[in-house]
Amino acid sequence: MLDIQLLRNNIELVSAALAGRGMSFDPSRFQALEAERKGLQTRTQDLQARRNALSKQIGMLKARGEDASEVMTEVGTTADELKRNELALAALLDEINAIVASLPNLPHESVPRGRDESDNVEILRWGSPRAFDFEPLDHVDVGARLGLDLEMAVKLSGARFAVMRGGVARLHRALAQFMLDVHTREHGYTEVYVPYMVNAASMFGTGQLPKFEEDLFAVPRGDDGRLFLIPTSEVPVTNFMRNETVAADALPMKYVGHTPCFRSEAGSYGRDTRGMIRQHQFDKVELVRIEHPEHSWAALEELSSHAEAVLRKLELPYRKIVLCTGDMGFSSAKTYDLEVWLPAQKTYREISSCSNCGDFQARRMQGRFKSGQGKNEFVHTLNGSGLAVGRTLVAILENYQQADGSLSVPKALVPWMGGVEILDPLR
RNA sequence: GGAGAGGUGGCAGAGUGGUCGAAUGUACCUGACUCGAAAUCAGGCGUACUGCAAGGUACCGUGGGUUCGAAUCCCACCCUCUCCGCCA
């Protein structure tokens, strides 16, 4: 959530920044509501003050056993007006809050301006795509021989799910364990286990609600009558901070969690329909950091380098891009995407997204720390995939396939595979 | 699923219609005492909005209601705990 003071005092700056995100925001409506709010609020508070004072008087009179009927009629005359003002003010505040809650974060000044993904800027490439002496298959065909069974998943659940057996299933598990171990042992993150279903307040805190409800799966239960399946562990982990004020020396907090992620993929019909690039359910190892505002930009560099480290260890060629203003997510102030090379598609595909959300999420969830002078300030929140496990599996299937239908296990992963170096096709 | 108890400030814990944003203890901060610390004493110590300031307004799980006035009464909901049953 943006700072409402910024909207009140510097709305041109906000609307210009939002225009850069491809969002047309008309300040006039907000300003009209704000003008109305100001008058209504002071009027209401004056009436409340008067009522409180008179009521106090009544109390004192009655305590002394005197007659209070005159004061009581006096209060009575303003009761209606007060009631009307209070209702109108509440409605007005709801309206204003709804507007503010629907506005995305402002891009950091270092973010390149642009309309869409074609304006993203490549920062680096690492590794070089392998030269095949045979025509590489895509991960669906490679995986089918090793135990990836997408048709079975269709029978069980429908499109965009996966069943894995044998070596592929183990590889999938090993990847998640490997990533968790790298981040906890080498990068200093604390492992966490979290709920896969969260309430609406948590979804609001990280920015999925109210605008992106259609992307979520809901289970009819809990608050508002339902819980939501998490689309990323960023949601439960970042919400650790919801309604919390921590000591300054509690920062930074560095968490890594491995969870399944559930996305309805509404509106992506026809995109990535083949294979397990885009699934309703996929595993992800997620890095979350709660940072002091002064350190969050350095933390973003570090966080993304931690995600890169996994790709490097697995020797998967990738590139790093910075998303332009028009391609960033709702809550982010700056985002790096990591894209892994997929030989069958002969292109780089997103495998990690690392963002600094600044105080945007912290403000939505009232996540604060006590700064030096005992003042409460909003923390900065960051998150990044380290990495998306399903897509990492895809990348390994494609990049490490062999002509005979087997798969060579990346060296770094062998210890997590119990020493297995080659996955042979299932009979 | 059945029965019961309860949600108040960092924590503990009073408060059952009026001068209560809330006693008291504890933690914490400042000062005094001390060579220093402990102990003791004095003062301070929630959040947000608003105002140049004095101040004002809101907040006692959440949302409604009653009342001139609600932490306190009524209704609904959420959550926590205890016991029994069932259960991975």
Side-chain angles (χ1 to χ4, degrees), chain A residues 1-9 30-31 33-101 193-205 209-210 218-228 236 239-251 260 359 362-379:
Chain A
M1 198 143 64
L2 299 180
D3 185 355
I4 195 160
Q5 299 297 352
L6 191 63
L7 283 156
R8 285 174 187 157
N9 303 328
F30 175 83
Q31 285 175 315
L33 290 171
E34 258 301 306
E36 200 182 333
R37 187 215 107 241
K38 232 172 183 169
L40 195 54
Q41 186 162 32
T42 49
R43 177 77 185 133
T44 304
Q45 293 191 351
D46 286 348
L47 287 169
Q48 286 171 328
R50 178 129 170 276
R51 178 205 62 197
N52 290 348
L54 292 177
S55 292
K56 200 167 270 189
Q57 239 181 68
I58 294 170
M60 290 192 286
L61 287 172
K62 289 205 164 173
R64 276 189 255 124
E66 297 175 25
D67 176 37
S69 55
E70 195 176 315
V71 187
M72 285 176 72
T73 25
E74 196 184 342
V75 180
T77 57
T78 54
D80 272 358
E81 190 187 355
L82 176 57
K83 192 83 194 166
R84 264 186 283 114
N85 276 278
E86 283 179 335
L87 289 174
L89 180 62
L92 197 55
L93 288 175
D94 280 351
E95 210 172 336
I96 291 171
N97 288 337
I99 291 175
V100 178
Y193 173 84
V194 294
Y196 301 161
M197 292 184 261
V198 300
N199 53 33
S202 295
M203 284 296 186
F204 180 86
L209 290 181
V219 178
R221 202 161 191 274
D223 88 324
D224 299 338
R226 62 207 169 136
L227 293 173
F228 296 90
N239 271 282
F240 284 6
M241 281 304 296
R242 180 152 53 84
N243 294 331
E244 299 286 341
T245 304
V246 301
D249 62 12
L251 303 178
D359 63 6
R363 186 170 277 114
R364 291 175 87 89
M365 64 177 75
Q366 294 296 304
R368 294 175 289 194
F369 71 100
K370 281 223 179 295
S371 72
Q373 303 77 17
K375 268 198 63 105
N376 292 334
E377 278 185 62
F378 291 114
V379 297

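Chain A is the first sequence line, chain B the second, and so forth, proteins listed ahead of strands; every chain is numbered from 1.
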Nucleotide nearest [X] when distance is taken to its side chain, options [options]:
| X | options | result |
| --- | --- | --- |
| A:Arg368 | B:C49, B:A48, B:G18 | B:A48 |
| A:Lys370 | B:U47, B:U50, B:C68 | B:U47 |
| A:Ser55 | B:U47, B:G18, B:U19 | B:G18 |
| A:Asn376 | B:A48, B:C49, B:C68 | B:A48 |
| A:Ala49 | B:A48, B:A58, B:U57 | B:U57 |
| A:Lys62 | B:C68, B:U19, B:U57 | B:C68 |

Could you tell me which non-hydrogen atom of [X] sits nearest to which non-hydrogen atom of [Y], and how far apart they are?
| X | Y | result |
| --- | --- | --- |
| A:Phe378 | A:Phe369 | O-CE2, 3.6 Å |
| A:Leu82 | A:Thr44 | CD1-O, 3.9 Å |
| A:Ala101 | A:Pro210 | O-CD, 4.3 Å |
| A:Ile96 | A:Phe30 | CG2-CE1, 3.9 Å |
| A:Val194 | A:Pro236 | CG2-CG, 3.6 Å |
| A:Met1 | A:Val100 | CG-CG1, 3.5 Å |

Spacing between [X] atom [atom1] and [N] atom [atom2], to the nearest angstrom:
| X | N | atom1 | atom2 | result |
| --- | --- | --- | --- | --- |
| A:Asn243 | B:G10 | CG | P | 12 Å |
| A:Met72 | B:C68 | CE | P | 6 Å |
| A:Met60 | B:G69 | CE | P | 17 Å |
| A:Met365 | B:A48 | CE | P | 17 Å |
| A:Leu92 | B:U50 | CG | P | 14 Å |
| A:Glu244 | B:U47 | CD | C1' | 14 Å |
| A:Asn199 | B:C79 | CG | P | 10 Å |
| A:Gln45 | B:A48 | CD | P | 16 Å |

Exercise. So which one's nearest nucleotide on RNA chain B is more toward 5', A:Arg37 or A:Ala53?
Worked result: A:Arg37

Problem set entry | Upstream residue (5' side of RNA chain B) when A:Gly59 and A:Lys38 are each assigned their closest nucleotide | A:Gly59

Exercise. Given Watson-Crick or G-U pairs with both distances under 3.5 Å, what dot-bracket string fits RNA chain B, with | for other-strand pairs and [ ] for crossing?
Worked result: ((((((((.[[[..)..(.....]]].(((((.......))))).(((((....))))).[[[[[..)....]]]]])))))))....

For this session: Would you please say whether a donor-acceptor pair under 3.5 Å links the side chains of A:Asn52 and A:Ser55?
Result: no

Problem set entry | salt_bridge(A:Glu81, A:Arg51) N-O dist < 4.0 Å | no

Between [X] and [N], does any side-chain N or O lie under 4.0 Å from OP1 or OP2?
| X | N | value |
| --- | --- | --- |
| A:Asn52 | B:G69 | no |
| A:Gln48 | B:U50 | no |
| A:Arg51 | B:G56 | no |
| A:Arg8 | B:U50 | yes |

For [N] and [M], measure between their [atom1] atoms and round to the nearest Å.
| N | M | atom1 | result |
| --- | --- | --- | --- |
| B:C68 | B:A76 | C1' | 26 Å |
| B:A27 | B:C11 | P | 16 Å |
| B:U40 | B:U26 | P | 8 Å |
| B:G13 | B:U66 | C1' | 30 Å |
| B:C73 | B:U80 | C1' | 24 Å |
| B:G21 | B:U47 | C1' | 11 Å |
| B:C79 | B:C86 | P | 25 Å |
| B:G15 | B:C20 | C1' | 9 Å |

Problem set entry | Student check: side-chain heavy atoms of A:Asp67 and A:Leu61 closer than 4.5 Å | no

Exercise. Base, sugar-phosphate, or nothing: which does A:Gln5 touch, judged by heavy atoms less than 4.0 Å apart?
Worked result: sugar-phosphate

Exercise. With a non-hydrogen cut-off below 4.0 angstrom, is A:Leu54 in contact with a base, only sugar-phosphate, or nothing?
Worked result: nothing

